[in-house]
Protein chains: 2
Amino acid sequence: MHQNIVQAPLAPLDRQSSLGELAYESLKDTIIRGQCEPGTKLTVRSVAQALHVSTTPARDAINRLIGEGALVNLGPKTVVVPVLTMAVLDEVTKIRLALESLAAQEATPHVSEDDIAFLEDTQEKLNTALDERRYMEVLRLNKDFHFRIYDRSQMPRLVAMIESQWLRIGPSFNGLYPEFAIKRQGVANHQWALRGLKDRDPATVRAAIENDLRDGYRRLSNLVHARGD
Amino acid sequence: MHQNIVQAPLAPLDRQSSLGELAYESLKDTIIRGQCEPGTKLTVRSVAQALHVSTTPARDAINRLIGEGALVNLGPKTVVVPVLTMAVLDEVTKIRLALESLAAQEATPHVSEDDIAFLEDTQEKLNTALDERRYMEVLRLNKDFHFRIYDRSQMPRLVAMIESQWLRIGPSFNGLYPEFAIKRQGVANHQWALRGLKDRDPATVRAAIENDLRDGYRRLSNLVHARGD
DNA sequence: AAATGTAATTTGATGCAACAAAAATGTTGA
DNA sequence: TCAACATTTTTGTTGCATCAAATTACATTT
């Protein structure tokens with residue numbers, strides 16, 4: 001029995017860079033969107049078939065995602081999209097607090113007028129999307145907001161590490177409860193961060209981001225608890 | 001012209017788990033020991049030949065190490081052991097401060113009597129090795145000391161992230177200047193950390209580890225600067 | 001000599017087949 | 001009905017041939 005795990009939301013795989021790279025991007029995108037229900041088994045051959053490539057690029061993509069923690073190796077022949085447990089959420093949150101507050105703090109001196117304009121624009125769109133209950137877009141805009149700041153830290157390795165932490169949490173919620181991921185309270189934190197950026201005050205930006213993460217943690221931990229029924 | 005890049009210090013590759021896993025461990029060990037001079041090109045075929053495996057496991061190992069940042073992809077067909085620049089050292093140090101201070105702090109409440117005994121024993125051996133100028137062993141013992149603490153944080157993902165930061169710095173010094181990596185001042189920091197662990201005072205342990213990292217940073221940055229001649 | 005163009009070689013990527021390990025399935029016996 | 005066993009299928013791993021791209025070596029010209 002061949003499970004067709006990954007089919008609908010696949011990019012057509014235009015040929016630009018290597019197939020392994022494209023397979024990785026496509027698979028990652030599918031996972032981060034929550035299109036693969038956590039717990040779903042992934043096999044080399046099913047991924048290869050879904051992406052219309054041979055086993056080698058599929059294997060590469062899976063291995064890479066395992067390395068990032070976006071997939072986990074349960075048994076000897078079972079890789080799955082991990083189900084977020086309370087223990088993992090706690091650990092990832094602590095890691096995120098350490099990394100993202102560092103990025104926010106380091107970014108502050110390097111934020112330009114253009115960055116501020118982009119962030120204000122993004123926040124406005126975010127508010128609109130929130131009003132109109134377009135939650136998937138809210139998630140995307142929220143990510144844009146955060147990473148525009150982090151990018152300015154000029155610490156590319158740090159940004160990559162932060163991304164892989166988001167990749168650990170996203171799959172369990174983005175597809176299932178997008179409406180819970182962001183709420184009104186997040187807006188206040190973003191405004192607070194924007195104020196800190198304009199004032200070029202790293203401590204304020206840091207505090208605002210930390211508060212944003214803590215708020216998010218509370219909502220997510222409620223969901224994890226609720227799921228235990 | 002076939003450069004035999006990785007030859008002497010290769011483990012014989014006994015067959016226990018997958019070849020890819022063994023190739024990864026062997027190659028990683030070679031790199032971390034500084035046996036591959038930074039800047040050295042690695043090719044799939046040369047690694048495969050050195051490890052007496054086919055190209056597939058060799059490719060897997062290289063890809064995995066690229067993912068971890070232990071190897072970098074310069075050109076389209078050139079992966080090298082990265083040469084540590086000042087920019088990278090600065091970034092990695094900031095990341096390490098964030099991650100390792102978190103690990104030290106979280107570990108403190110979970111440290112047992114056995115852990116303390118191990119740490120004191122390790123520190124004693126470290127002092128001896130330092131006196132007898134067995135610097136490679138000093139490096140190993142220093143790593144044992146730090147990671148025994150970090151392990152107790154009960155945050156396995158965090159520990160893995162810390163390890164990959166060590167992997168970014170080690171290759172450029174362990175093989176070249178092992179005598180500079182640890183000095184007397186490190187001893188005081190370790191004793192300070194031990195005191196904090198015995199008192200179960202997370203703030204002290206955290207401060208001691210941070211100080212240890214900062215001392216290490218000063219020494220390493222001197223080396224990086226000196227190398228610019 | 002230095003620059004330039006061309007041929008030979010090296011190299012990563014990719015697909016594929018074979019194999020052994022592990023699951024899944026089916027069957028038997030109580 | 002369920003547990004234990006045997007069989008079939010699935011699956012990751014590994015090695016290898018092929019191909020196109022990239023690098024290197026070399027010859028030619030200025």
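The analysis underlying the following values was restricted to heavy atoms, covering all of them including side chains, and did not include hydrogens, waters or symmetry mates. The chains referred to below are lettered A, B, ... by the order of the sequence lines, with proteins before strands, and numbering in each begins at 1.
Among pairs with a residue in residues 50-60 of chain B, those fulfilling salt bridge (charged side-chain N to carboxylate O under 4.0 Å, His left out) read A/R59-B/D60, A/D60-B/R59, at least two apart in sequence or across chains. Counting only residues at least two apart or in different chains, ring pair (Phe, Tyr, Trp, His ring centres under 6.0 Å) contacts with residues 153-172 of chain B comprise B/H146-B/W166, B/F147-B/W166. For the salt bridge (charged side-chain N to carboxylate O under 4.0 Å, His left out) condition, the pairs that include at least one residue of residues 149-158 of chain B, sequence neighbours left out, are A/E91-B/R157, B/D115-B/R152. Sorted by first and then second residue, the salt bridge (charged side-chain N to carboxylate O under 4.0 Å, His left out) pairs involving residues 61-89 of chain B (not counting sequence neighbours) are B/E21-B/R64. Screening residues 101-114 of chain A for salt bridge (charged side-chain N to carboxylate O under 4.0 Å, His left out), with sequence neighbours left out, gives A/E106-B/K94.
With sequence neighbours excluded, no residue forms a side-chain hydrogen bond (donor to acceptor under 3.5 Å, both in side chains) with B/N73. Taking A/R218 as the reference, A/D215 meet the salt bridge (Lys or Arg N to Asp or Glu O under 4.0 Å) condition, with sequence neighbours excluded. Residues forming a salt bridge (Lys or Arg N to Asp or Glu O under 4.0 Å) with B/D90 (at least two apart in sequence, or on another chain): none. Partners of B/K28 under the salt bridge (Lys or Arg N to Asp or Glu O under 4.0 Å) rule, at least two apart in sequence or in another chain, do not exist in this structure.
A close approach under 4.0 Å does occur between a side-chain nitrogen or oxygen of A/K41 and OP1 or OP2 of C/dA24.
Against DNA chain C, the stretch residues 56-64 of chain A makes heavy-atom approaches under 4.0 Å through A/T56, A/P57. A heavy-atom distance below 4.0 Å to DNA chain C is reached by these residues of residues 75-82 of chain B, ordered by number: B/K77.
One axis for each end of the helix from C/dA1-D/dT30 to C/dA30-D/dT1, each built from five base pairs, and the angle between them comes to 10° at 10° resolution.
Straight-line distance from the CZ atom of B/R45 to the C1' atom of D/dA22: 13 Å, rounded to whole Å. In this structure, the CD1 atom of A/I66 is 8 Å from the P atom of D/dT13, given to the nearest Å. Per the geometry, NE2 belonging to B/H52 stands 14 Å off P belonging to D/dC16, to the nearest Å.
For the pair B/R148 and B/D144, the salt-bridge criterion is not met [side-chain N within less than 4.0 Å of a carboxylate O].
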